Amino acid sequence: MNDKFLKPYDPLETEGRIYKLWEDSGYFNPDMCIKDGVCEKDADAFSIVLPPPNVTGMLHLGHTAMLAIEDIMVRYHRMNGKRTLWVPGTDHAAIATQSKVEKLLSKEEGKRKQDLGREEFLKRVEKFANESHGTIVGQVRKIGASVDWSREAFTLDEKRSLAVRTAFKQMYDDGIIYQGLRIINWDPKGQTTVSDDEVVHQEGKGKFYTFRYSKDFPIPIATTRPETKVGDTAVAVHPDDPRYKEFIGKEYDMVFAGVPIHIQIVGDEAVEKEFGTGAVGVTPAHSAVDWEIGQRHNLPVVQVINEYGKMMVEAPELKDKKIAEARAIIVEWLKSEGLLEKEEEIPQNLATAERTGGIIEPLPKKQWFVGVNKEFTLKQSNITGIKSGEKTTLKKIMKAAVENGDTKIIPDRFEKIYYHWIDNLRDWCVSRQIWYGHQIPVWFCTFSKDGQSTPMCANPIVSIDTPKSCPHCGGTIEQDTDTLDTWFSSGLWTFSTLGWPHSAKATRGEPGPENDFANYHPTNVLETGYDILFFWIARMILMSGYLLGDVPFRTVYLHGLVRDAQGRKMSKSLGNGIDPVLMSEKYGADAVRLSLIIGTGPGNDMRLAEDKIRGYKHFANKIWNVARFVLTSIEGMDTEIAPELTSEDEDRLAQLENTISEITEDIEKYRFYLAGEKLYHYFWHTFADVIIEDSKPRLFGDDEKSKASAQWMLWTIFTNMIKALHPFMPFVTEEIWGMLPIQNKKLLLIEKWPHTTI
RNA sequence: GGGCGAUUAGCUCAGUUGGUAGAGCAGCGCAUUUACACUGCGAAGGUCAGGGGUUCAAAUCCCUUAUCGCCCACCA
């Protein structure tokens with residue numbers, strides 16, 4: 001027996017070595033598995049893409065949980081002879097990464113990105129992203145994830161960039177992507193637009209002021225934002241409101257807080273008679289609702305707040321004042337003029353930008369949008385309920401994909417949440433005024449003179465390849481300086497990682513990366529946290545549905561958030577984060593994995609304390625000690641030929657079969673927490689505590705037949721359990737497997753999953 | 001305003017299609033020429049948040065109340 005068994009199991013010494021063994025074998029790559037007969041060329045596929053971690057830093061326990069769950073599925077299916085592919089990668093995470101580097105730049109060098117210029121700044125971001133990438137792949141290895149590194153992708157690399165430009169062009173040509181002027185969410189801190197989903201509402205209190213523009217104005221209005229009222233161009237009332245009906249159509253000129261305003265009274269159904277004064281001061285430039293009222297009544301748009309959150313009116317007392325200052329000045333003015341009728345405190349949600357925390361300012365801006373209600377013809381459709389060649393919309397596709405069961409979401413309550421999101425979905429603003437990301441593949445033809453550029457040709461040039469000059473007039477062209485929302489490129493992830501658009505016409509069946517798209521798309525499972533259901537999952541269904549007429553994955557498995565022992569979200573500022581790498585080094589990756597699997601169902605948040613991880617370290621050691629005992633007990637036994645078994649041993653093996661078949665079913669039905677718990681419980685409290693203890697007198701007794709039966713029974717249970725435990729605790733099981741006396745042994749990684757007769 | 005989830009042992013949580021309540025950690029007692037002290041054995045600990053209903057049978061299904069948490073939403 002190996003001397004190693006004389007000491008307790010040492011994960012630190014073992015894990016790096018074992019991972020290298022796996023990686024060197026090449027069996028994370030399905031092509032290699034086919035080549036060596038681990039699986040058949042025409043075996044069923046099991047494919048999964050790794051949700052690409054952001055290159056903003058390092059992995060946290062949420063990532064570890066994700067890697068553990070996915071690795072369980074992948075190892076299980078690989079052991080079952082499937083053509084198993086797990087594609088790894090990282091996400092450039094546009095805004096998140098850029099703002100991180102901006103912060104570093106300011107902290108370390110006291111510089112702003114403008115001081116460096118776009119090109120130099122982007123070099124810094126790339127350097128940062130590269131370092132972060134190195135950390136991340138190291139962590140992914142440490143956890144034992146059996147991803148195919150030969151297919152690693154990055155959302156901003158050349159191949160993915162081609163996919164992005166191809167998708168953009170097709171959407172533009174179909175009229176789905178358009179440029180439009182409307183109210184967008186402006187983040188003054190990040191100096192960019194953000195999408196509706198990137199706005200986070202924070203509960204707070206606000207003041208609700210009721211006032212009149214002037215003594216002579218007939219209708220009082222109410223607002224939480226007095227500073228925007230200098231941009232009002234109308235007052236809207238309900239058309240049936242007896243109090244105000246008679247004023248509809250009238251116009252007034254006044255000077256409000258030193259700013260001349262022109263107000264017309266309009267009747268609009270959107271106004272609620274019962275709320276406030278029953279009249280709305282309409283500010284088309286600084287409120288999405290008011291913008292729509294403005295559209296309906298052809299109201300002028302007067303912008304009074306700029307991109308820096310400062311007033312842009314001429315009145316000297318307000319000019320260049322910050323929003324908060326302007327508000328105070330205007331409230332003071334209202335008071336001094338005797339125009340303020342009421343001031344109350346009300347609960348109010350503050351809209352902030354997800355990444356920078358900046359307070360969102362609604363502003364009118366010309367941006368690029370993906371139209372979710374725009375009709376187009378879906379040429380080829382595999383989506384149930386949508387026929388090939390039928391006219392449809394992105395919204396309909398997204399809904400049909402889940403409603404008709406082409407994609408299932410686990411737990412299913414999230415399907416309802418998903419539908420609700422789609423029902424409320426508005427056009428997706430995809431352009432960002434940041435530097436890091438996929439630059440929009442649109443060029444404008446301009447004529448430059450004296451530093452002034454004027455547009456020449458009316459239509460922009462949208463192209464996959466960079467055009468040299470304007471194809472219409474031969475003039476010089478400039479690329480749109482904006483970049484795309486990071487979720488645009490992540491939306492393509494399931495197929496951009498598999499070679500689309502190049503390998504879209506590849507031959508099914510022939511192994512090799514050039515045929516990945518045909519061989520592995522749609523993917524089987526997408527496993528990720530429920531917090532990115534809208535950001536990512538919905539966008540993937542959108543992109544895949546539109547570009548391929550297919551779903552991106554058959555099943556979505558959502559895991560919960562990992563919280564600390566007190567139930568708080570782990571964060572740097574709280575200092576309560578548990579570092580997965582540190583934990584792996586202390587207790588072993590197997591223990592960390594198991595602690596994140598057991599005791600947590602899909603979609604539920606979990607609390608994790610270090611004690612739990614320690615508990616599973618003990619389990620790894622228990623497996624180790626059982627291995628030692630079994631190896632000692634079977635010395636001299638023939639592991640090839642079964643002896644005659646006692647009926648008790650037959651029963652024990654039947655119980656093993658039964659347990660494994662339950663575990664198999666649990667894994668198939670995505671109940672990993674149950675499978676893990678059953679493995680743990682059976683191995684420790686049935687096998688070790690009862691079966692092994694009972695076998696001791698027989699092993700050391702004189703009855704040779706009973707001894708042989710006991711040996712065979714112990715050996716059979718042990719080897720099958722090592723296999724069944726492997727997806728959950730890959731390192732310790734592979735290490736033990738390597739020391740077992742078995743003829744023509746392969747890596748446990750590619751051993752067959754224990755099949756049951758049941 | 002709408003929707004969702006949670007409430008089970010001191011703590012953290014499981015409990016699959018309803019069939020006598022389970023684990024880890026903590027704690028208590030016992031055991032050291034034992035494969036394993038990163039151990040074993042044993043005991044203790046729960047009117048499954050409250051109330052009502054369906055059922056032969058409810059932690060599980062239905063209704064309701066409470067508390068906590070989350071998500072969505074253009075009440076100015």
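Here is how names work: the chains are called A, B, and so on, in the same order as the sequence lines, proteins then strands, and each is numbered from 1. Since the structure is predicted, the reported quantities are computational estimates derived from the model, not experimental observations.
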query = Can you tell me how far P in C61(B) sits from the matching atom in C4(B), rounded to whole Å?
reply = 15 Å
request  = Tell me which of Tyr616(A) and Gly603(A) sits closer to the 5' end of RNA chain B, going by the nucleotide each one is nearest to.
outcome  = Gly603(A)
ask   = From A14(B), U39(B), C4(B), pick the nucleotide closest to the side chain of Leu674(A)?
value = A14(B)
query = What integer number of Å spans the C1' atoms of U7(B) and U65(B)?
reply = 13 Å
note = In terms of heavy-atom contacts, Pro580(A) and His60(A) come closest through CG-C, 3.8 Å
query = Looking only at heavy atoms, which two atoms of Pro364(A) and Trp291(A) are closest? And how far apart?
reply = CB-CZ3, 3.9 Å
query = Taking the side chain from Asp187(A) and the backbone from Ile360(A), do they hold a donor-acceptor pair closer than 3.5 Å?
reply = no
message = Please encode protein proximity along nucleotides 67-76 of chain B as a string of B, S and -, counting only heavy-atom distances under 4.0 Å.
response = -----SBBBB
request  = Examine Tyr616(A) together with Phe728(A) and report whether their ring centres are nearer than 6.0 Å.
outcome  = no
Short heteroatom pairs, N/O only, protein and nucleotides 35-37 of chain B, under 3.5 Å:
residue	atom	partner	partner atom	Å
A35(B)	OP1	Lys696(A)	NZ	3.4
A35(B)	O2'	Arg628(A)	NE	2.5
A35(B)	O2'	Arg628(A)	NH2	3.3
A35(B)	N7	Lys696(A)	NZ	3.2
A35(B)	N6	Glu693(A)	OE2	3.2
A35(B)	N3	Asn625(A)	O	3.1
C36(B)	O2'	Asn625(A)	ND2	2.7
C36(B)	O2	Lys622(A)	NZ	2.7
C36(B)	N3	Lys622(A)	NZ	2.9

task = Would you please confirm or rule out a distance under 4.0 Å between OP1 or OP2 of G40(B) and any side-chain N or O of Trp684(A)?
result = yes
inquiry  = Regarding Lys7(A), tell me which of base, sugar-phosphate or nothing describes its non-hydrogen contacts under 4.0 Å with the strands shown.
reply    = nothing
request  = Using a 4.0 Å heavy-atom cut-off across all strands, classify Arg413(A) as base, sugar-phosphate, or nothing.
outcome  = sugar-phosphate
remark   = For Pro239(A) and Gly267(A) the tightest heavy-atom approach is CD-C, 4.1 Å
ask   = Where do Ile265(A) and Tyr244(A) land on the side chain to side chain contact (heavy atoms under 4.5 Å, CB included) test, with the steps shown first?
value = CA-CA 9 Å; Ile265(A) 317 283; Tyr244(A) 308 130; 5.9 Å; no
task = Test Glu665(A) against Lys678(A) for salt bridge (Lys or Arg N to Asp or Glu O under 4.0 Å), laying out the working first.
result = CA-CA 12 Å; Glu665(A) 198 188 337; Lys678(A) 278 175 191 167; over 6 Å; no
